[in-house]
Student: 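Here it is, the structure, as structure tokens.
Residue numbers start from 1 in every chain, and the chains themselves are labelled A, B, ... in the order their sequence lines are given, proteins ahead of strands. Quick caveat: nothing in here was measured; it's all calculated off a predicted structure.
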Amino acid sequence: MTQYEPKKLEKKWQDYWYQNKRFEAIDFSDKPKYYALVEFPYPSGSGMHVGHIRAYTSLEVIARKRRMEGFNVLFPIGFDAFGLPTENYAIKANIHPRKVTDDNILVFTEQLKASGFSFDFDRVVDTTDANYYHWTQWIFIQLFKQGLAYRNKTYVNYCTSCQVVLSNEESQGGQCDRCDSPVVQREKDVWFLKITAYAEKLLAGLDTLETLPRIKSEQANWIGKSVGAIIHFDVPKTDQQLKVFTTRPDTLFGATFMVIAPEHPLLENARSHITNIQAVQTYQKQAKLKTEFERTQLIKDKTGIRLEGIEAINPGTKATVPIFVADYVMMGYGTGAIMAVPGHDTRDYAFAKTYDLEIKEVILGGDLSKEAYTNTDEGTLVNSDFLNGMPVEQAIGSMIEYLVQENRGFKAINFKMKDWAFNRQRYWGEPIPIIHCHQCGMVPVPEESLPVTLPEVTSFAPSTDGESPLAGIEEWVNVPCPQCQGKAKRETDTMPQWAGSSWYFLRYTDPHNAKKLADYDRLKYWLPVDWYNGGMEHVTRHVIYSRFWHHFLYDMNVVPTKEPYKKRTAQGLILGPDGDKMSKSKGNVVNPTETINRYGADTLRLYILFIGDYEQATPWNESGVKGARRFLDKVWRLFDNVSNQKDAPYLVTLLHQTIEGVSNDIEQVKFNTAIAKLMTFVNEAQKYPTIHKETYLTFLKLLNPLAPHITEELNQRLGNANDLVFAPFPIADPSQMIEDKAVIVISINGKVRDKIEVAKDVDKETLEKIAVSQPKIQEWCDNKPIKKVIVIPNKLVNIVI
RNA sequence: GCGAGUGUGGCGGAACUGGUAGACGCGCAUGGUUGAGGGCCAUGUGGCCGUAAGGCUGUGGGGGUUCAAAUCCCCCCAUUCGCACCA
């Protein structure tokens, strides 16, 4: 036969599939539906990365397999195209970001098609399309109306030289990425989404998610629920109370001092009573100078200052305790104040040692003269009045009862998760659809006026003074108030990139709908997403954010399911050939297009799946690609052996074992072993002069989801008129899988000494007799008494002497 | 520091509920395809000893359970990821 020339034949099949819409998802089809979702890419200027291929091939294989299994498959793709790199490139090259985005999307689309992905390209969504962000804005307005979008102050990274707000990425190490001048923390009024209102639901929803335990625990960790109590400490002389959150109210009798964050309001409210207010203010200033980076990274020095003139009363012991200000306490977590229990917390212990404070044992154990005793999940209370002798769990309950009775506190739940800072001072993002009116305050843009589109401008560079570039566009900013028609101004901040990606999977179900984000019946047909694959790095942020929006939309009766995703997997990174993370600066980036040109898309797909454990990081190996190509060459050549001759029983058995193995491996994301099994089959099959046409065809179907082009071509060359897109996926016949012979290992004291071949399912007694009578074994036993014989049918016989 | 994962040939990686360690691929070696190179085919390829038959040894290290351990238990080491002054 002719040579295998992937370049020609792959183009041919891609044209055929895409022109004939072979991967079209049909709304309301009678077939069972299957929704396979991959994280849509950010269309960067450098084009696709081999990592994208790895991220998509898993569900590509599943999608193709599901079609062959009779499912109506929705396997969509789109572009998460708002964002900084495009904007920065646009500013530098002086090309409109719209144009940059469109060009990049074109390149990506070509690359996706050249890889033979079975996406339904009629459902492509683009987050920067006004028809799309219309609904991103609509969702924001619903959040706003429900009180879940609000304004508050925060600190932003600000470069005084560029006069621009920077992302964390642009201010690594406290320096501006562009001009290297120092970055300061600047207070700014920005938008927040109240994701904390959904903390409990987001946590509970994890139960229904099918995923690796690691992915669940990372999300749970992010949400960070802790149960404890709020306790009120009086501050005599002032009219103030210090409220602390603690997970361990049982240790109240051991609280010998208190620590508040430098930002704590008490410092302002009790100012006149604090005699060393000057020193405190100096400390506050120092703390403010520290970036979040320094405050969280430089953990060694425990600095702090004692408040002179005021003290607090421990509501348990009734003793007065000193109050400190220290930056190891964060205003953003809990109440911004803690009761310090130095006996049983290492940080409090270190602090107490530095300032020579009382360290009191309240849970039995350890040696407090050396270190804090922190093994306190269990234990017995001491030195604690009415709690003495109680186990920890009971003591927590008793203390809460006491606090409630005394009106000194109550049981409380606290979350680590903070509200979502929802703003960017940039041009290339969704405008936040709010109008600021002197009379009416913040007014949402009426829904019928959506979308609020980005104004056409010539300069989209960030404006100075930390404002969005939109702020400088008078004709866009100045609008009448929708309520009172008075003079008003548009909000000029745009949304963060996480916005558009929080609901894109909903739009795929009805991408062209002009009246709604998606038709409810279509959502009902397609949701939930049956399988969602993406990067490990998105497990916390993106997945949680999108789950939050989904929960909210469910409460608004916009979507039919509580949770958006049924199953989540995450692929491992592909590292450079040098074992380092691929990056432009290291020059170790592998371009998929090059590999496709040299070896073909089927080879690339196959190699990437074969490269290693799907969920683990693995380095790229160029000669490994050759191996994948060699395999396809063998498959191609095997065509010459096709005949109507009956196959040897061994090959038939192997075929059915291969069907079973490959199918199972694919479902378990074990693509590397699935391919190994396919390779083994070809290696064995080519040892025979012929292969039966049906056997070969079955093999092609099995290989099709992984290497669709070559298998379509060979199927056609077999004379079959129908393509393989909906050809039934092979199912193994269990009766054909069983071998009639078994190799039995005979070992003596656990060491393999001989192997024998016997008929399948020989009973234990016979097997033992055969084994013991083997000459080699006789020799090894050397007439020593046999103590014991263990027989595992079809596997081994172990003789103990 | 806490949590999760990983550790197996020269390399990527296999090994089901404990039952032939190293599947499959790469690389390498020898031979063939009668010029070379490539390609392809065959054979071999954990280490050590041995011409060979064969033997010993071997899954990060140390101990244990078991007829039998890469797999289970305990202690250590290394490494990756996540969270990180979380009260």
Student: Counting any heavy atom closer than 4.0 Å, what does A/Arg629 reach on the DNA or RNA strands: base, sugar-phosphate only, or nothing?
Tutor: nothing
Student: Can you check whether A/Lys216 has a side-chain N or O nearer than 4.0 Å to OP1 or OP2 of B/A4?
Tutor: no
Student: Name the closest nucleotide to the A/Met330 side chain, picking from B/A87, B/G5, B/A21.
Tutor: B/A87
Student: Establish, from distance only, whether the side-chain atoms of A/Asn641 and A/Thr690 form a donor-acceptor pair under 3.5 Å.
Tutor: no
Student: Atom CD1 of A/Ile215 to atom C1' of B/G5: distance rounded to whole Å?
Tutor: 12 Å
Student: Ignoring hydrogens and geometry, is there a side-chain-to-backbone donor-acceptor pair from A/Thr673 to A/Lys670 under 3.5 Å?
Tutor: yes
Student: Take atom C1' in B/C67 and the same atom in B/G18, then report the distance between them in whole Å.
Tutor: 12 Å
Student: Using the P atom as the point on both nucleotides, what is the distance between B/C73 and B/G5, in whole Å?
Tutor: 12 Å
Student: Using atom CD of A/Glu768 as one end and atom C1' of B/C67 as the other, report the distance to the nearest whole Å.
Tutor: 13 Å
Student: Sticking with atom P, work out how far B/G12 lies from B/U80, rounded to a whole angstrom.
Tutor: 15 Å
Student: Which nucleotide in the list B/U20, B/C85, B/G25 gets nearest to the side chain of A/Tyr328?
Tutor: B/C85
Student: For A/Ala685, enumerate each residue passing the side-chain contact (heavy atoms from CB on, under 4.5 Å) test, keeping only those at least two apart in sequence or located in another chain.
Tutor: A/Leu638, A/Leu651, A/Phe681, A/Ile691
Student: How many whole angstroms separate atom CG of A/Leu632 from atom P of B/C40?
Tutor: 13 Å
Student: If the C1' atom of B/U59 is compared with that of B/A15, how far apart are they to the nearest Å?
Tutor: 11 Å
Student: Does the A/His232 side chain pair with the main chain of A/Arg408, one donor and one acceptor, at a distance under 3.5 Å?
Tutor: no
Student: Using the P atom on both, measure B/C24 against B/G46 and round to a whole Å.
Tutor: 13 Å
Student: Measure from the side-chain heavy atoms of A/Val745 and tell me the nearest of B/G13, B/G25, B/U20.
Tutor: B/U20
Student: Anything under 30° is parallel, anything over 60° is perpendicular, the rest tilted; go ahead and classify A/Phe699 against A/Phe631.
Tutor: perpendicular
Student: Choose from B/C41, B/G12, B/G27 the nucleotide whose nearest atom is closest to any side-chain atom of A/Arg637.
Tutor: B/C41
Student: Take atom C1' in B/G9 and the same atom in B/G44, then report the distance between them in whole Å.
Tutor: 15 Å
Student: Is a donor from one side chain sitting under 3.5 angstrom from an acceptor on the other, for A/Gln686 and A/Arg637?
Tutor: no
Student: C1' atom, B/C76 versus B/C83: distance in rounded Å?
Tutor: 25 Å
Student: Taking only N/O atoms, report every protein-nucleotides 79-81 of chain B pair under 3.5 Å with atom names and distance.
Tutor:
from	atom 1	to	atom 2	distance (Å)
B/C81	O2'	A/Arg214	NH2	2.9

Student: If we count only N and O atoms by modelled type, under 3.5 Å, do the side chains of A/Asn683 and A/Lys634 hold a donor and an acceptor together?
Tutor: yes
Student: Separation of A/Lys670 atom NZ from B/C24 atom C1', in whole Å?
Tutor: 14 Å
Student: Can you check whether A/Leu368's main-chain N or O pairs, donor with acceptor, with A/Tyr349's side chain at less than 3.5 Å?
Tutor: yes
Student: Which nucleotide wins on minimum distance to the side chain of A/Lys788, given the candidates B/C67, B/U20, B/C40?
Tutor: B/C67
Student: Where each residue is assigned the nucleotide of RNA chain B containing its nearest heavy atom, which of A/Asn621 and A/Thr618 is assigned the position nearer the 5′ end?
Tutor: A/Thr618
Student: Atom pairs under 3.5 Å, N or O on each side, protein against nucleotides 17-19 of chain B: can you list them with distances?
Tutor:
none

Student: In whole angstrom, what separates A/Tyr607's OH from B/G13's C1'?
Tutor: 11 Å
Student: Assess, by modelled atom type and distance only, whether the side chains of A/Ser747 and A/Asn798 contain a donor and an acceptor separated by less than 3.5 Å.
Tutor: yes
Student: Should A/Glu765 and A/Lys769 count as an ion pair when the cut-off is N to O under 4.0 Å?
Tutor: no
Student: To the side chain of A/Asn221, which of B/G12, B/G27, B/C83 is closest?
Tutor: B/C83
Student: For B/G63, does the glycosidic angle fall within 90° of 0 (syn) or outside that (anti)?
Tutor: anti
Student: So, A/Gln571 versus A/Asn533: side-chain donor-acceptor pair below 3.5 Å or not?
Tutor: yes
Student: Give one of base, sugar-phosphate or nothing for A/Lys751, where a contact means two heavy atoms less than 4.0 Å apart.
Tutor: sugar-phosphate
Student: Please work out if A/Ser217 contacts a base, only the sugar-phosphate, or nothing of the nucleic acid, heavy-atom cut-off 4.0 Å.
Tutor: nothing
Student: Could you state the CG-C1' distance from A/Asp613 to B/U8, rounded to the nearest angstrom?
Tutor: 14 Å
Student: For A/Ala617, report the nucleic acid contact type (base, sugar-phosphate, nothing); a contact means any heavy atom under 4.0 Å.
Tutor: sugar-phosphate
Student: Other residues, nucleotides and ligands only: do more than 12 of their heavy atoms fall within 6.0 Å of CD on A/Gln241?
Tutor: yes
Student: Got a sec, which residues hit side-chain contact (heavy atoms from CB on, under 4.5 Å) with A/Tyr4, two or more places apart in sequence or on another chain?
Tutor: A/Pro6, A/Leu9, A/Glu10, A/Asp602, A/Arg629, A/Leu632, A/Asp633, A/Trp636, A/Ile710
Student: Do the rings of A/His542 and A/His538 sit parallel, tilted or perpendicular, given the 30° and 60° boundaries?
Tutor: perpendicular
Student: The test is side-chain hydrogen bond (donor to acceptor under 3.5 Å, both in side chains); show your working for A/Lys416 and A/Asn221 and say whether it passes.
Tutor: CA-CA 8 Å; A/Lys416 190 160 116 189; A/Asn221 213 318; 3.2 Å; yes
Student: Among B/U20, B/G25, B/C40, which nucleotide has an atom closest to any side-chain atom of A/Arg630?
Tutor: B/C40
Student: Looking at RNA chain B, which of residues 672-688 of chain A put a heavy atom within less than 4.0 Å of it?
Tutor: A/Asn672, A/Thr673, A/Ala676, A/Met679, A/Thr680, A/Asn683
Student: Between B/U20 and B/A68, how far is it from one C1' atom to the other, in whole Å?
Tutor: 12 Å
Student: Pull out every stem in RNA chain B, meaning runs of 3 or more consecutive Watson-Crick or G-U wobble pairs with both distances under 3.5 Å.
Tutor: B:1-7 with B:77-83, B:10-12 with B:24-26, B:27-33 with B:39-45, B:46-49 with B:54-57, B:60-64 with B:72-76
Student: What integer distance in Å separates A/Lys764:NZ from B/C67:P?
Tutor: 15 Å
Student: Hey, does A/Glu311 have a side-chain heavy atom less than 4.5 Å from the side chain of A/Val235?
Tutor: no
Student: Taking atom P of B/U6 as reference, at what distance in whole Å does atom CG of A/Leu212 sit?
Tutor: 11 Å
Student: On RNA chain B, nearest-nucleotide positions of A/Ile611 versus A/Gln616: which is more 5'?
Tutor: A/Gln616
Student: Kindly assign one of parallel, tilted or perpendicular to the pair A/Trp420 and A/Tyr545, based on the angle between their ring planes and the thresholds 30° and 60°.
Tutor: parallel
Student: Among B/U20, B/C83, B/C67, which is the nearest nucleotide to the side chain of A/Val752?
Tutor: B/U20
